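One structure below.
The figures that follow rest on heavy atoms only: side chains count, while hydrogens, waters and symmetry mates do not. The structure displayed is predicted, hence computed values, not measured ones.
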Amino acid sequence: MTDQSAIPPLRVGLTAPRVPPPNILVIFGATGDLTRRKLVPALFDLFCENRLPAQFCVVGFARREQSDDAFRADLRASVQQFARAKPDSASDRWEKFAQMICYHQAEFDSADGYARLAQRLNELDAARGTQGNRLFYLATAPEYYALIAERLGAANLAELGGAWERLIVEKPFGSDLTSACELNRQLRAVFDEAQIYRIDHYLGKETVQNIFAFRFANTILEPLWNRNYVDHAQITAAETVGVENRGGYYDGAGALRDMVQSHLLQLVALTAMEAPVSFDATAVHDEKVKVLRAICPLCDHDVDDVVARGQYAAGQGMIAYRDEPRVAKDSNTETYVVLKLVIENWRWAGVPFYLRTGKRLPKRATQIRIQFKPVPHPLFSRDVVSGIEPNVIALRIQPDEGIYWEFAAKRPGQAIQLSNVRMDFGYATSFGAAPGEAYETLLLDAMRGDSTLFNRNDAVEVAWSLVTPILERWAQLPPPEFPNYAAGAWGPVAADRMIARDGRVWQAP
Ligand SMILES: NC(=O)c1ccc[n+]([C@@H]2O[C@H](COP(=O)([O-])OP(=O)(O)OC[C@H]3O[C@@H](n4cnc5c(N)ncnc54)[C@H](OP(=O)(O)O)[C@@H]3O)[C@@H](O)[C@H]2O)c1
């Protein structure tokens, strides 16, 4: 029996999550980086915590010839490196987990490869009791998403009747509005919308889900969370890393596509949405889409005023973006974007949302900072309040996950002097545990049939409709003067100028 006194107080009473029904997970692109670094380590951690069904298998689908054993050995090394649990020799948990994994060699376009896959899945159903339930995970380059869906349909793997079949699609979902709409059309020619799970792994983060809890399980926030009290919001997603080994992909994408269209607009939606009528997936998606639709679209003239971009030069011992592997020497791809959005609805009219994201910035931090208005009547004299900022609520999405409230307090002593102080909630200190990996949550949710934390087709398309005019405007302009910020600095001066025009400053996350 668990010693209750050893459990951190806030964990007492937390129930064990529901185990999903039996199923087979087929990973397309099973020898790739995502499978190795994220998917299989997440599955092993789930397995070690008894959160996977007993009747479960993973089939890895990729091109290279290799045996089941070679595939498992490769995954063992990844799990050793990236999972919380380790495949130690003291227990046989790795061996038990590895028995659930097999490898299927085929080309993505090979009809025969899918026919053999169908046969193999049937055999596994019979041998492992997986009941015909299939979860297909597209962990491949985006150009294969539609092809694989089409081949699955042609092999009758998209609908079996009685059992369920679901398709998880990785990011990026399209590269502009036209391609995203086309991909939706291609996938929905084979799968129903209810079968399609579009990943934005930010939505699987505990801290992102906690935005729901924070906003909709606490009475005191609702009266304040609007234009009457909020001056503006700053959403920052800062990375210290450069492009690492993703130069080939990133140079064709850039920060606007890679971060803003997906993660940052999701954070805006969760911060600004109305309360859904329930936590049913449809109700949540409806509210998110509604607020994304309320964002004022940008025309050419707006883009020049409220969007700025940057690319990092060498600095602090780090090389310039253009010298990174697989990046063009004359690349005009942005590694930094800042933009100001306006949400035209009753709650947020007149409250700007400033978004910024970049690589090679001084600190790794993703944060939503809600800056409240100053008090209406200055009761304290100017010298007493000098240096005092209006209230702030900041949601630290990563790292050091938590939330703080910044407010003014009287300093100890006879004289009236005020300082800003913080009340701080940290996941690690309150719950005695760091938040789990996003992919664990998302994999389990897809197996359970809960799409709340995935993207619906209309949300993806609205997000692209906001970003595409910026891409089109940039394509019309002369090449930007890149590079324009040093690696290790907080982005280009244009970012500071943009917010300064509104009489505001960026606050370090
Ligand atoms: N890596 C990440 O951390 C990360 C994060 C977020 C999103 N994503 C997204 O996840 C997706 C996968 O990325 P990745 O980095 O894992 O890709 P990757 O390392 O390039 O892996 C590609 C996989 O596809 C297989 N493949 C390629 N062409 C094939 C073909 N014609 N037939 C059969 N198999 C083929 C490869 O098999 P062989 O090795 O046998 O050729 C390999 O298993 C991308 O959409 C990416 O944007 C990745």
Side-chain angles (χ1 to χ4, degrees), residues 34 138 141-143 145 168-185 187 196-205 208 233 235-239 243 246 249-273 285 288-300 302-303 306-311 332-343 353-359 366 368 397 438 442 453-475 491 495:
L34 181 70
L138 304 186
E143 59 263 34
Y145 297 165
I168 302 185
V169 190
E170 256 300 332
K171 157 184 180 290
F173 195 96
S175 57
D176 57 16
L177 179 58
T178 307
S179 57
C181 293
E182 175 61 9
L183 182 54
N184 270 331
R185 193 194 60 73
L187 298 182
I196 304 173
Y197 289 66
R198 297 171 191 79
I199 287 250
D200 182 331
H201 73 266
Y202 256 50
L203 292 173
K205 289 180 187 291
V208 173
I235 301 184
T236 301
E239 298 177 280
V243 284
R246 296 172 68 220
Y249 155 72
Y250 194 88
D251 207 36
L256 187 69
R257 288 187 173 96
D258 191 47
M259 292 295 291
V260 177
Q261 184 276 337
S262 49
H263 308 321
L264 290 198
L265 285 178
Q266 288 298 321
L267 295 183
V268 172
L270 295 176
T271 306
M273 67 191 269
H285 291 312
K288 280 172 54 188
V289 170
K290 209 162 85 186
V291 79
L292 288 174
R293 287 212 172 103
I295 295 175
C296 184
L298 301 176
C299 65
D300 289 355
D302 299 325
V303 169
V306 300
V307 185
R309 54 188 159 153
Q311 186 192 82
N332 287 322
T333 298
E334 77 287 355
T335 60
Y336 182 101
V337 189
V338 55
L339 68 161
K340 173 179 154 183
L341 296 179
V342 173
I343 301 174
F353 279 63
Y354 300 97
L355 277 52
R356 63 176 171 169
T357 181
K359 291 191 175 293
T366 300
I368 301 168
I397 304 299
L442 296 173
L453 301 178
F454 293 81
N455 259 327
R456 203 168 62 184
N457 59 337
D458 49 356
V460 173
E461 291 178 13
V462 177
W464 275 119
S465 74
L466 292 166
V467 160
T468 301
I470 305 174
L471 294 166
E472 289 171 353
R473 175 62 179 159
W474 285 351

Between [Y] and [X], is there a side-chain heavy-atom distance shorter than 4.5 Å?
X    : Y    : result
M259 : V337 : no
D200 : F173 : no
L341 : L466 : no
N457 : I196 : no
T357 : D258 : no
L265 : I295 : yes
T271 : V268 : no
D458 : R293 : yes

Show the nearest heavy-atom pair for residues [X] and [Y], with the distance to one decimal.
X    : Y    : answer
H201 : A438 : O-CB, 3.2 Å
T333 : G254 : CG2-CA, 3.4 Å
Y336 : A495 : OH-CB, 3.4 Å
Y250 : E334 : OH-O, 3.6 Å
G174 : W464 : O-CZ2, 3.0 Å
R356 : T236 : NE-OG1, 2.9 Å

#### Entry: For N455, the option from Q266, K171, R198 that meets side-chain hydrogen bond (donor to acceptor under 3.5 Å, both in side chains)
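Of the listed options, the one satisfying the test is Q266.
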Let me confirm one number: the [atom1]-[atom2] distance from [X] to [Y], rounded to the nearest 0.5 Å.
X    : Y    : atom1 : atom2 : result
F353 : I235 : CZ    : CD1   : 6.5 Å
M273 : L292 : CE    : CG    : 10.0 Å
T335 : D251 : OG1   : CG    : 10.5 Å
I368 : I397 : CD1   : CD1   : 4.0 Å
H285 : L453 : NE2   : CG    : 8.0 Å
E143 : L183 : CD    : CG    : 11.5 Å

### Test log, rule side chain to side chain donor-acceptor pair (under 3.5 Å), inputs D176 and T468
CA-CA 6 Å; D176 57 16; T468 301; 5.7 Å; no
### Query
Mind checking whether H263 and Y202 have parallel, tilted or perpendicular rings, split at 30° and 60°?
parallel
### Residue pair L442, F454: steps toward the side-chain contact (heavy atoms from CB on, under 4.5 Å) verdict
CA-CA 8 Å; L442 296 173; F454 293 81; 3.9 Å; yes
### Message
Is it the case that the side chain of Y145 and the backbone of E170 share a donor-acceptor pair, with hydrogens and angles ignored and the cut-off at 3.5 Å?
### Response
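Judged by distance alone, yes, a pair lies under 3.5 Å.
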### Main-chain N/O of A463 paired to Q261 side chain as donor or acceptor, under 3.5 Å
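Judged by distance alone, no pair lies under 3.5 Å.
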### Query
Would V303 and W474 satisfy side-chain contact (heavy atoms from CB on, under 4.5 Å), going step by step from the backbone distance to the final call?
CA-CA 9 Å; V303 169; W474 285 351; 4.1 Å; yes
### Query
Yes or no on side-chain contact (heavy atoms from CB on, under 4.5 Å) for D302 and R473, after CA distance, side-chain angles and deciding distance?
CA-CA 10 Å; D302 299 325; R473 175 62 179 159; over 6 Å; no
